[in-house]
Amino acid sequence: MATVIDPVCGMRIEADDAAAIAEQEGQTCYFCSEACRDIFVSAPPAHGAPGLAYADADHLTEHEVAERAGIGIERLRELVELKLLVPEDGAFRRRDVMRARVFVELEAKGLDSPTLASAHTSGHLTLGYLESAGRRHPRTDRTFAQFSENTGVPIDTLQNIYVTLGLPRPREDEYVREDDEPILRALPVLFGAGVAEGDVLRAVRILGDSARRVAQFQAHYFHNTIEEPFRRRGLRDNEAFEAALNEVGLRMGNSTEEMLSWLYRRHAEIFSTEHQFEHVETALEEAGVRQRSPRGIEAAAFADLSGYTRLTEEAGDDEAARVALSLAQLVNEVAAEHHGDVVKMLGDGVHFHFRDPGDAVRASLEIVDTVGPRGLPPAHVGVNAGPMIYDEGDYFGRTVNIAARIAAQASANRVFVGEDLVRSVEPEGFQVREVGQFDLKGIALPVTLYEAVRD
């Protein structure tokens with residue numbers, strides 16, 4: 001069955017599964033929902049062109065709908081009797097195929113059709129947003145077992161990869177989705193190059209977790225931010241959701257997916273170039289023409305906001321969210337300016353990594369000086385230097401642990417650094433002065449801490 005792409009939202013669908021179609025200059029356009037088709041028709045500058053019209057093939061017979069939906073004629077007629085499907089002059093719309101499938105799936109979840117019909121009649125359940133939920137994802141003509149046999153990748157390895165990605169484990173007799181195949185074809189290349197299965201699983205775990213978090217946030221953001229203005233207009237929940245989809249979600253198309261792709265390329269450029277330059281340094285060192293800069297003494301820094309918990313209790317969650325967002329913007333700016341990386345945000349704090357311990361101290365001092373003018377609570381920072389272990393996007397080891405413990409000892413508006421950093425850096429733009437010895441949690445012997453101040 002032919003695979004087509006909705007020109008509005010970018011969804012890949014099978015031609016027979018399109019909820020609506022339209023013709024433009026003799027070319028048929030396919031859509032995942034009637035809402036996408038309506039946007040296409042009503043916005044020629046963005047999507048369509050003058051002269052675009054509905055196609056006669058948009059109408060289906062009773063038998064065509066039942067066959068495509070995978071239900072019997074009697075079941076279809078029951079949905080019509082309940083007014084969940086409403087034919088026009090005896091003919092159905094393509095969207096009715098999608099809706100019929102969704103009703104069957106909802107019944108399997110314990111929501112019977114009479115109950116759905118009652119909610120629909122009362123106006124509380126709208127159906128427009130359900131059209132795309134009934135689509136069938138285009139499949140190849142090969143099962144996972146056949147793909148495994150053809151590529152030499154064991155079936156249990158394929159299944160483990162899906163589970164590690166956070167996706168359902170595929171059955172051996174399940175047909176591979178068309179959009180999965182290009183990704184799976186990269187696996188024999190990796191294994192053929194000698195990459196171990198464990199290393200592949202480690203990589204896909206990072207990718208899967210990152211993508212899952214973005215997708216989860218997108219749904220949460222849409223419900224709590226995009227739909228909310230429509231609910232404030234007095235629309236019921238389903239009406240607000242459908243209005244938000246039609247007026248915002250669908251009109252934005254697949255911008256989120258495109259943005260992720262664009263953003264990945266931009267970040268990849270930075271790290272790829274850095275990786276290439278490291279190989280240049282290695283070549284010069286091996287040629288004996290330039291000694292490579294010593295590595296191993298790097299810095300970890302933890303910055304926290306003082307009084308964040310009290311702020312949350314007194315000012316509420318909205319103010320706490322504003323503070324967290326402002327902090328994230330600030331620390332990314334500071335990290336970029338001082339050649340560091342934001343490893344991860346920690347709610348009211350942040351974990352940094354710096355290759356140069358001196359940069360770590362200068363960045364920390366800037367954070368302490370800048371939070372006030374940004375409308376943020378006072379900050380305190382702990383910095384330590386030494387070897388670290390990088391794995392799966394994070395840094396580990398004694399150096400990191402001590403930096404976190406140092407941050408807990410620093411009071412508001414102060415930057416504390418460890419003795420390992422003081423021994424490994426020549427102060428430039430700052431001075432350090434001894435504060436005293438401290439017993440740090442989880443560290444056997446007392447550690448001498450210093451305060452960094454502007455020069």
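Numbers here simply count residues along the sequence, with the first being 1.
With a 4.5 Å cut-off on side-chain heavy atoms, Val323 and Pro377 count as touching. Contact of the Asp237 side chain with the His223 side chain is registered, since non-hydrogen atoms from C-beta on lie closer than 4.5 Å. In this structure the side chain of Asp17 reaches within 4.5 angstrom of the side chain of Arg101, judged on heavy atoms. Residues Asp394 and His351 have side chains in contact (heavy-atom distance under 4.5 Å, counting atoms from C-beta outward). Using a 4.5 Å heavy-atom cutoff, the side chains of Tyr162 and Leu184 are in contact. The shortest side-chain heavy-atom distance between Asp179 and Pro138 does not fall under the 4.5 Å cut-off. Within the 4.5 Å cutoff, the side chain of Leu84 has no heavy atoms near those of the Arg99 side chain. You'll find the side chain of Arg355 stays beyond 4.5 Å of the side chain of His339, heavy atoms only.
How far CZ of Phe230 is from CG of Leu245: 9.5 Å, rounded to the nearest 0.5 Å. Here the OH atom belonging to Tyr30 is positioned 11.5 Å from the OG1 atom belonging to Thr3, to the nearest 0.5 angstrom. The CZ atom of Arg398 sits 7.5 Å away from atom CG of Asn384, with the distance rounded to the nearest 0.5 Å.
A donor-acceptor pair under 3.5 Å is absent between the side-chain atoms of Arg205 and the main chain of Thr164, judged by distance alone. Under a 3.5 Å cut-off, the side chain of Ser122 and the backbone N or O of Ala119 do form a donor-acceptor pair.
Annotation for Arg423: atom CZ counts as buried by contact number, over 12 foreign heavy atoms lying within 6.0 Å. Remark: Tyr175 OH is loosely packed, at most 12 non-hydrogen atoms of other residues, nucleotides or ligands lying under 6.0 Å away. Atom CZ of Phe396 has more than 12 heavy atoms from other residues, nucleotides or ligands within 6.0 Å. Counted within 6.0 Å of CD on Glu174, heavy atoms from surrounding residues, nucleotides or ligands total more than 12; the atom is thus considered enclosed.
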Practice prompt. Could you walk me through whether Asp359 and Arg362 pass salt bridge (Lys or Arg N to Asp or Glu O under 4.0 Å), step by step?
Written response: CA-CA 5 Å; Asp359 285 335; Arg362 287 184 285 271; 3.1 Å; yes

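There is no side-chain donor-acceptor pair under 3.5 Å between Glu181 and Thr140.
A salt bridge links Arg212 with Asp209: the closest approach of a Lys/Arg side-chain nitrogen to an acidic carboxylate oxygen falls below 4.0 angstrom.
Note on ring orientation: taking the six-membered ring where Trp is involved, the planes of Phe352 and Phe354 are tilted (angle from 30° to 60°).
Of the listed residues (Leu449, Val422, Thr448), just one forms a side-chain contact (heavy atoms from CB on, under 4.5 Å) with Glu434, and that residue is Thr448.
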